[in-house]
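As structure tokens, the structure follows; a few thoughts come after it.
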Amino acid sequence: MAETGKTSSYWMGTAGDVVRPRLKGDARADVCVVGAGIAGLSTAYEVAREGRDVIVVDAQQPGAGETGRTTAHLANAMDDRFVELERLHGKEGARTAAESHGAAIDRIETVAREERIDCEFRRVNGWLFSAPGEDPGILEGELEAARRAGLTVDREEDPPVALHPGGALRFARQAEFHPLRYLAGLVGAIERMGGRVHGETRAVDVEEGEDGCRVVLQGAGEIVCTDVVLATNSPARHYLTTAKMLPYRTFAVAFRAPGATLRGLFWDTEDPYHYVRYAGPSAAPVLIVGGADHHTGTKDDGEDRLLGLEQWARERFAGLGDVTQRWSGQVLEPADALAFIGKAPGADHVWICTGDSGQGMTHGALAGMLLRDLILHRENGWAKLYAPARISVRAAGEYLHEGVSVGRHYLDWLLPGEVEREEDVQPGHGAVLRRGLKPVAIYRDADGTVHRRSAVCTHMGCVVHWNSTERSWDCPCHGSRYDPQGGVLNGPAARGLDPA
Ligand SMILES: Cc1cc2nc3c(=O)[nH]c(=O)nc-3n(C[C@H](O)[C@H](O)[C@H](O)COP(=O)(O)OP(=O)(O)OC[C@H]3O[C@@H](n4cnc5c(N)ncnc54)[C@H](O)[C@@H]3O)c2cc1C
Ligand code: FES
């Protein structure tokens, strides 16, 4: 499987690759879905079930994006918390968020059962802990807000594990699964219904005309269709939506957990927060710990963060064995905490799903149901809450903060280079060098060959930074990422770094 980084997740190590051929030539379909992660494949599945002719294209292969790097908690106990959702979206909005994420978990359960997908789906409880030194009233407030949103939640003084002392909130009917096995099952189901799935097929442009849409493919070829779903995690050229979210790197470590029988989701209120679950068969259980997030492109200390997570876990979970995998990935945090799912602003037949907010599994599954209804012109009570064009007045402070955070990174143009000479870049590493006014991304490969690209992100001109953990060039502004030679790994950039 092609990947968006150097590290590999637990899921990549425990699922067979799903490889589909490149689309050769042109194609026609009712609906073209661009991107074969949880959002794209859920949407393709739902639309195919309604008898629509669907084609899915992915620049890499199904599951090669962030869905392969998740930790796959399935929760409608929202990680931005209900007190915050009520502030940003009102009590009704918080209720709709809980209902729609709950429906997403139900949908995954039903699809896994009906399509006989062996994806280790399991209903579990979730426990939320407050961070040391925090006002204990935080949990009390969250308990009331979560109940107002319709969740079954209780205070538990003696939870089965303690991320921190002081008890926790226990949320019923959360769930867990193996995301890549689920995606493999969706691919099979889509194909059984007559849908087509292609890997190694990058969309480079979408044109919408009076008689339909054209998806232009890299190299040659196009797909003519009535509707296009951009499920690329971060769609290119939708600047107004992209501007309402910030990219974060988040880290995960999987440990052998011999003899562990407990199952559940565990997370806390620290900033950045920790998230923990068990996985694997009873003969080989693992514990997966995630957290240590930082704003993309602003730090290059992934190894320290992974070590910090490992130490944090060993202090709390007795008897942990070896580390089996350590990885990182990217989440997009929308200013008002909920994904953007619906009609792309300014379009009639182009649909997007982005802004996962660390709950991309449920956002992706609910996108499948919501986009299906919108494409089929059906009413859906969730549409307003997730509308990509929304501007929430209550999130004005968050929009301002994000605008300032992004604007600040344009000052990187004024900074000196990270190294003064190409010779200072070690094999296997990259650094930004300044040539006059121009920042240049220098990568020296293991053989010593130097690769030079412009360090200016092709999305909107911020300066990229080297990420040694994933061996990539990462842009702090909206999260575009490039491989060491400058090819695009993550949008919203639509093309690679220019020659230096
Ligand atoms: C460490 C980590 C832990 C997480 N934990 C959780 C969790 O516990 N629960 C949860 O709900 N969420 C979690 N998330 C978030 C979740 O994993 C993501 O939000 C989700 O996987 C995003 O799915 P997606 O389908 O939107 O994008 P992706 O899975 O990234 O899929 C997008 C696809 O589009 C393809 N693509 C991109 N550009 C093009 C193009 N131009 N043409 C064709 N194809 C293209 C890519 O190759 C990719 O396969 C976590 C994320 C990380 C990184
Ligand atoms: S991702 Fe927008 S400028 Fe780089």
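Order of listing sets the numbers, starting from 1, for every ligand and every atom in it. Starting from 1, each residue takes its place in the sequence as its number.
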For Asn380 and Asp373 the tightest heavy-atom approach is ND2-OD2, 2.9 Å
- Task: Using a 4.5 Å cut-off on heavy atoms from C-beta on, say whether the side chain of Phe340 contacts that of Tyr386.
- Result: no
Check residues 492-500 and write down every donor-acceptor pair under 3.5 Å in which the side-chain atom is one partner and the other belongs to a residue at least two apart or another chain.
from   : atom 1 : to     : atom 2 : distance (Å)
Arg495 : NH1    : Asp498 : OD1    : 2.6
Arg495 : NH1    : Asp498 : OD2    : 3.4

Practice prompt. Using a strict cut-off of less than 4.0 Å between a Lys/Arg side-chain nitrogen and an Asp/Glu carboxylate oxygen, indicate whether Glu303 and Arg326 qualify as a salt bridge.
Written response: yes
Protein neighbours of ligand 1 with a heavy atom under 4.0 Å, given by chain and number, are Val34, Gly35, Ala36, Gly37, Ile38, Ala39, Val57, Asp58, Ala59, Gln60, Gly65, Glu66, Thr67, Arg69, Thr70, Thr71, Ala72, His73, Thr201, Arg202, Ala203, Ala231, Thr232, Asn233, Thr250, Tyr275, Gly329, Gln330, Val331, Asp356, Gly358, Gln359, Gly360, Met361, Thr362
Under 3.5 Å donor-acceptor pairs involving side-chain atoms of residues 36-49, not counting sequence neighbours:
from  : atom 1 : to     : atom 2 : distance (Å)
Ser42 : OG     : Ile38  : O      : 2.6
Thr43 : OG1    : Ala39  : O      : 2.7
Tyr45 : OH     : Arg49  : NH1    : 3.1
Tyr45 : OH     : Glu115 : OE2    : 2.6
Glu46 : OE1    : Arg107 : NH2    : 3.1
Glu46 : OE1    : Arg372 : NH1    : 3.2
Glu46 : OE2    : Arg107 : NE     : 2.8
Arg49 : NH1    : Glu114 : OE1    : 3.2

The atoms of ligand 2 lying under 4.0 Å from a heavy atom of Cys462, numbered in the order shown, are 3 (S)
Quiz item: Do Ser454 side-chain atoms and Val456 backbone N/O form a donor-acceptor pair below 3.5 Å?
Solution: yes
Exercise. Is there an N/O/S atom in Cys477 at a distance below 2.8 Å from atom 2 (Fe) of ligand 2?
Worked result: no
So the atoms of ligand 2 within less than 4.0 Å of a heavy atom of His459 turn out to be 1 (S), 2 (Fe), 3 (S), 4 (Fe)
Residues at least two apart in sequence or cross-chain that pass ring-ring contact (aromatic ring centres under 6.0 Å, His included) with Phe121, listed by chain then number, are none
The answer for which part of Ser480 has a heavy atom under 4.0 Å from ligand 2 is both
Among the N/O/S atoms of His478, atom 2 (Fe) of ligand 2 lies closest to ND1
Here the atoms of ligand 2 under 4.0 Å from any heavy atom belonging to Gly479 are 1 (S)
request  = Check the side chains of Tyr273 and Asp79 for a donor-acceptor pair under 3.5 angstrom, ignoring hydrogens and angles.
outcome  = yes
Query - Whether over 12 other heavy atoms sit under 6.0 Å from Arg28 CZ - result: no
